[in-house]
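This report concerns only the one structure given below.
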Amino acid sequence: MSSQNHLYLVDGSGYIFRAYHRLPPLTNIRGEPVGAVYGYTTMLWKLADALHKADGPTHLAVILDKSSKSFRNDLYDQYKAQRPPAPEDLVPQFPMIRDATRAFSLPCIEEEGFEADDIIASYARAALRDGWRVTIVSSDKDLMQLIEPGLDMLDTMKNERLGPEHVIEKFGVPPEKLGDVLGLMGDSVDNVPGVPGIGPKTASKLVNEFGDVEAVLAAAPSMKPSKLRDNLIEHAEMARLSRVLVALKEDVPLPDPLEDLAMKGIPEAPLRAFLEHHGFRSLLNRLGTVADAPAPPPSPEAVLPQDPPCNVDAYEAVDTLDALDRWIAAATAQGFVAFDTETDSLGPRSGLVGISLALAPNRACYIPLAHVGGDLLSDNPVQIPFDAAIARLKPLLEDPAVLKIGHNIKYDICVLAAHGIAVAPIDDTMVMSFNLDAGLHGHGMDELAATHLDHSCIAFKDVTGTGKNQKGFHQIGIRDATRYAAEDADVTLRLWRRLKPRLAPEHATRVYEMVDRPVIPALAAMEREGIKVDREELARLSAEFAGQIVELEKEIHGIAGTPFTIGSPKQLGEILFERMGLKGGRKGKSGVYSTDVNELERIAALKDGGPGIEMARKVLDWRQLSKLKSTYTDALQAEINPVTRRVHTSYSLTGAQTGRLASNDPNLQNIPVRSETGRRIRDAFVAEPGNVLLSADYSQIELRLAAHMADVPQLREAFLRGDDIHNMTAQELFGEVNRDTRGRAKTINFAILYGISRWGLAGRLEITADDAQAMIDRYFDRFPGIRNYIHETLSAVREKGYTTTLFGRKTHFSRIKSSVQHERQGAERAAINAPIQGTSADIIKRAMARMPGALRDAGLTNVRMLLQVHDELVFELPEGDVDAAKPIIEHVMASAAEPAIKLSVPLGVEIGTGKSWGAAH
DNA sequence: GCGGTCACG
DNA sequence: GACGTACGTGACCGCT
């Protein structure tokens with residue numbers, strides 16, 4: 001190894017902005033936001049660890065921006081003028097960045113009047129003059145101008161070194177010409193103007209042709225007449241100014257001499273103090289022995305020793321049956337394998353294109369099965385015959401002794417089911433993450449890789465492109481496909497090694513193994529099955545609605561006295577409240593008048609509203625019909641799968657923080673039912689000839705759970721007797737039962753489930769806040785268990801940061817300690833609701849997981865579960881099976897909590913059948 | 001990409 | 001005294 005000095009210059013400000021946007025919003029043990037600081041600390045550690053290693057630093061400094069003003073503001077007063085202020089949960093992290101740097105005993109350099117980029121450039125120039133090597137830790141494009149022999153850049157998030165070839169690839173010019181390209185194209189983030197109409201492509205073309213900005217401007221008059229020519233001439237001065245603004249100043253006086261930046265290794269004491277201050281526990285582990293302490297909550301990061309970084313060039317493209325057999329044998333011997341399927345499109349009925357496997361970090365492969373396209377001949381044309389590969393993979397994927405690990409494995413189960421493979425047993429890292437960290441961050445693979453592995457995955461878009469030129473994965477060359485696909489399996493395996501050991505100590509095993517994992521195969525089957533939709537019926541409705549919409553439009557424009565876009569809240573608000581002069585328009589924070597249902601209904605009920613009353617009524621009708629047409633009758637026709645001729649939704653297990661499912665593409669959980677017109681859409685969801693649809697729904701499940709969880713004897717006994725619960729509440733609260741008191745009691749019952757506020761209740765019941773408060777007090781006096789439940793739920797969430805359901809599902813509420821009142825209050829209401837909504841979700845998931853087996857055991861092999869709508873399950877079955885299926889379905893649903901949980905209230909299930917979903921209700 | 005609106009439990 | 005007003009979702013639209 002040479003004794004050459006190697007200076008690392010860390011662009012600290014750039015790093016934290018990037019870390020802030022890429023990493024989840026973690027908080028430390030005191031609830032302070034530290035996501036960016038955590039990322040920054042691990043990054044510094046990595047650098048400090050590499051001291052004296054090949055390519056590692058011998059000298060290092062962190063450079064920060066001291067103030068927002070620099071000499072560039074004197075050149076151009078608009079420089080960085082429209083930059084938004086830093087996000088409020090990032091601001092307090094800036095001083096912590098300095099603390100972190102000091103904890104490593106590293107110099108932190110900032111100078112008034114200069115930007116970090118200029119200081120970095122000046123240090124870099126000085127070091128190069130002395131014959132040192134230089135690495136700039138940043139991914140800022142301005143700094144890329146500095147790249148030259150002996151100076152490179154390092155992107156620690158992508159673990160990528162950037163040399164001149166990177167600049168050429170990205171900007172089409174070598175680093176020394178980059179300033180000219182940046183000057184011409186400008187930079188909207190820094191508010192550097194550049195020349196209008198010139199982006200990276202045009203800029204690099206011009207610079208390559210003419211040399212630099214001055215030469216381009218000089219050549220402009222002789223170009224062929226075009227907008228480009230005009231812009232170059234008209235904005236020549238802006239181009240010259242921009243060229244100066246993007247140039248880096250390389251002669252800033254150095255605050256500390258180069259020699260003072262020498263690294264001394266990682267000093268233990270200050271670093272330990274810093275890590276303990278923030279509770280970065282796994283980093284403390286890395287430091288060595290941890291002081292004896294009662295087991296603190298495990299930190300969100302890794303517990304295992306660091307794995308080697310992902311090496312996408314280490315992955316194998318499997319091109320022979322022998323090679324495939326070797327991978328299968330190794331997986332079988334090991335007893336677990338992470339895998340991922342690649343398909344030609346999204347959705348539960350997509351076509352299989354290839355499969356990747358991972359056995360250990362960097363030990364992963366991709367098995368291309370259905371790639372096509374001419375350029376493959378030069379890449380890797382050899383693919384194993386599809387059927388032969390499937391035949392070999394099936395025993396592995398079905399082997400009860402080999403655990404198959406996927407990230408969102410429901411998708412892979414769907415795809416493989418099309419080829420007769422029933423994947424089992426399974427683990428799912430996405431669901432694990434959800435069961436551990438719901439409410440803290442998302443659970444997509446890219447985000448988890450960044451959080452837990454400090455790794456940035458190859459983006460799907462970077463492989464396939466976007467927009468109209470986007471390719472299907474089957475059109476991707478096998479070399480690129482292997483890098484992407486095998487990396488996904490590798491990352492899944494790495495995530496599994498981090499997340500699986502956390503389940504038991506963090507008490508997430510129960511919900512994972514008893515609720516969420518078991519429901520995956522049932523959901524996959526439902527998605528594959530789909531539901532039949534009567535296209536002709538939808539088309540009839542679309543046409544009918546279209547006619548009515550046109551009529552209403554004419555009438556509305558007539559009342560307004562001018563045509564306008566009714567669907568634009570902005571235009572509608574101006575018509576109503578300015579042109580028509582209606583009073584009481586409320587403007588939201590965006591300055592647009594509110595025109596929502598409440599507002600329009602208020603206008604429609606005005607005594608002196610004049611033409612406004614007609615207007616409001618017609619707009620309400622127009623809105624309803626437009627919504628039904630665009631979202632349902634039009635969109636659903638397009639969702640009918642041409643092969644199965646049914647509609648296949650996709651359920652997200654991690655979409656709702658409370659543990660509910662979410663349905664998308666299309667959403668079949670919000671098909672209209674409340675309005676008469678909307679209900680006609682449910683009649684288009686039908687059974688095949690000879691079959692019927694069966695709808696089974698839990699009656700009042702959330703109120704029943706509240707009665708159990710909050711221990712309210714009157715509610716419990718009312719449910720045991722089978723009484724009408726809202727009547728009972730009305731009797732308790734108002735002493736008499738009639739339509740009015742029952743309606744108010746119902747509103748209050750729901751308000752309780754949602755976390756009540758007197759203001760909210762007052763708004764709903766149209767009474768004063770004082771009266772609402774009196775009603776809430778009375779409710780709590782009659783049902784003191786509810787008051788206790790709310791109190792205990794809030795104490796627990798404030799202390800632990802999360803709520804739990806009866807099955808142990810956690811939902812984290814990081815805003816529960818927010819200093820912003822409405823954020824905190826919002827979190828409190830959500831936390832009151834989460835255990836109830838979440839337990840209900842747990843129960844129906846358990847029913848769904850058991851349903852296929854229960855039906856099979858009863859010999860009902862033609863009964864298919866199709867849909868879940870939170871408290872309702874929809875089945876399709878032969879007419880003749882209805883009588884046999886009803887008691888099975890009823891029993892599975894009613895007993896779904898057992899034996900894990902014994903509820904003190906019965907779960908009521910109501911069942912209906914009919915030829916259509918509408919008729920089954 | 002965001003806010004407004006509205007469909008559901 | 002201002003703030004904004006019930007919990008959880010997803011899709012579509014207009015607008016930038």
Side-chain angles (χ1 to χ4, degrees), chain A residues 438-439 564-573 586-600 619-620 622-636 638-639 649-652 654-675 677-679 681-682 697-703 706 747-765 769 772 776 803 811 813 820-838 840-841 844 867-873 917:
Chain A
F564 68 101
T565 308
I566 305 169
S568 163
K570 186 162 172 281
Q571 293 184 33
L572 177 62
R586 296 177 290 110
K587 281 193 178 180
K589 55 183 169 227
S590 59
V592 177
Y593 289 108
S594 168
T595 61
D596 64 11
V597 187
N598 293 329
E599 192 63 16
L600 292 181
V619 171
L620 282 168
W622 181 90
R623 281 228 180 115
Q624 184 192 23
L625 290 167
S626 306
K627 177 83 170 184
L628 295 177
K629 180 168 184 292
S630 68
T631 309
Y632 301 104
T633 57
D634 288 352
L636 276 173
E639 291 284 353
T649 186
S650 166
Y651 290 100
S652 165
T654 58
Q657 305 300 323
T658 53
R660 271 193 179 175
L661 299 177
S663 158
N664 54 46
D665 301 305
N667 183 355
L668 296 186
Q669 289 182 324
N670 72 345
I671 302 302
V673 71
R674 290 174 189 169
S675 77
T677 319
R679 245 193 320 270
I681 293 165
R682 288 211 174 201
D697 63 289
Y698 285 110
S699 123
Q700 309 277 17
I701 187 169
E702 292 195 6
L703 269 177
T747 300
I748 299 169
N749 276 330
F750 276 105
I752 293 297
L753 298 178
Y754 296 150
I756 199 163
S757 85
R758 57 183 165 146
W759 310 104
L761 185 62
R764 292 291 164 121
L765 289 179
I776 293 166
T803 59
T811 304
F813 292 89
V820 183
Q821 181 181 246
H822 71 262
E823 282 185 358
R824 189 176 60 248
Q825 289 174 339
E828 286 171 356
R829 290 193 296 267
I832 290 166
N833 179 251
I836 297 169
Q837 192 184 111
S840 164
I844 196 167
L867 302 178
Q868 189 252 42
V869 192
H870 309 309
D871 63 359
E872 173 187 13
L873 295 175
W917 195 4

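Quantities reported herein were computed from a predicted structural model and do not represent experimental measurements. Per chain, numbering begins at 1; letters A, B, ... match sequence-line order. Just so you know, these numbers use all the heavy atoms, side chains as well, and skip hydrogens, waters and symmetry mates.
For C:dC3 and B:dC6, the P atoms lie 24 Å apart once the distance is rounded to whole Å. If you take atom C1' in B:dC2 and the same atom in C:dA6, they sit 24 Å apart, rounded to whole Å. For the C1' atoms, the distance from B:dA7 to C:dA2 is 33 Å, rounded to whole Å.
Regarding A:Gln624, its CD atom lies at a distance of 10 Å from the C1' atom of B:dC6, rounded to whole Å. Distance CZ (A:Arg679) to P (B:dC6): 19 Å, rounded to an integer number of Å. In this structure, the CG atom of A:Leu668 is 18 Å from the P atom of C:dT9, given to the nearest Å.
With C:dT9, B:dG9, C:dT5 as the candidates, the nucleotide lying closest to the side chain of A:Gln657 is C:dT9. Nearest to the side-chain atoms of A:Ala830 among the listed nucleotides B:dC8, C:dG8, B:dT5 stands C:dG8. When distances are taken from the side chain of A:Ala656 to each of C:dT5, C:dG8, B:dT5, the shortest belongs to C:dG8.
Pairing each heavy atom of A:Ala834 with each of A:Thr803, the nearest pair is CB-OG1, 3.7 Å. When every heavy atom of A:Ala635 is checked against every heavy atom of A:Ser630, the shortest pair comes out as CB-O, 3.4 Å.
Rounded to the nearest 0.5 angstrom, A:Asn667 CG and A:Tyr651 OH are separated by 9.0 Å. With values rounded to the nearest 0.5 angstrom, A:Leu761 atom CG is found 5.5 Å from A:Ile748 atom CD1.
Side chain A:Arg623 to base B:dG4: no donor-acceptor pair is found below 3.5 Å.
Put simply, the side chain of A:Trp917 reaches to within 4.5 Å of the side chain of A:Val869, judged on heavy atoms.
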Test side chain to side chain contact (heavy atoms under 4.5 Å, CB included) applied to A:Ile681 and A:Thr633, step by step: CA-CA 7 Å; A:Ile681 293 165; A:Thr633 57; 4.0 Å; yes

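Residues A:Gln624 and A:Ser675 bring a donor and an acceptor atom of their side chains to less than 3.5 Å of each other.
Using a 4.0 Å heavy-atom criterion, one finds that A:Thr811 contacts no nucleic acid atom at all. Contact annotation for A:Ile832: no contact, since no heavy-atom pair falls under 4.0 Å across all strands.
Between C:dC15 and A:Ser568, a contact under 4.0 Å exists linking OP1 or OP2 to a side-chain N or O. Remark: A:Arg829 is not in phosphate contact with C:dA6, judged by side-chain N or O atoms under 4.0 Å from OP1 or OP2. Side-chain N/O atoms of A:Gln837 include none lying less than 4.0 angstrom from OP1 or OP2 on C:dT9. Look at A:Arg764 and you'll find a side-chain N or O under 4.0 angstrom from OP1 or OP2 of C:dA6.
One finds no salt bridge joining A:Arg623 and A:Glu599 here, because no Lys/Arg side-chain nitrogen approaches an Asp/Glu carboxylate oxygen to under 4.0 Å.
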Tabulated below should be each protein N or O lying under 3.5 Å from an N or O of nucleotides 11-13 of chain C; please produce it.
from, atom 1, to, atom 2, distance (Å)
C:dA11, OP1, A:Asp665, N, 2.9

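With a cut-off of 3.5 Å on both pairing distances, C:dC3 has no Watson-Crick or G-U wobble partner at all.
Under the stacking criterion of a centre-to-centre distance below 5.5 angstrom and an interplanar angle below 30°, A:Tyr754 sits stacked against the six-membered ring of C:dC7.
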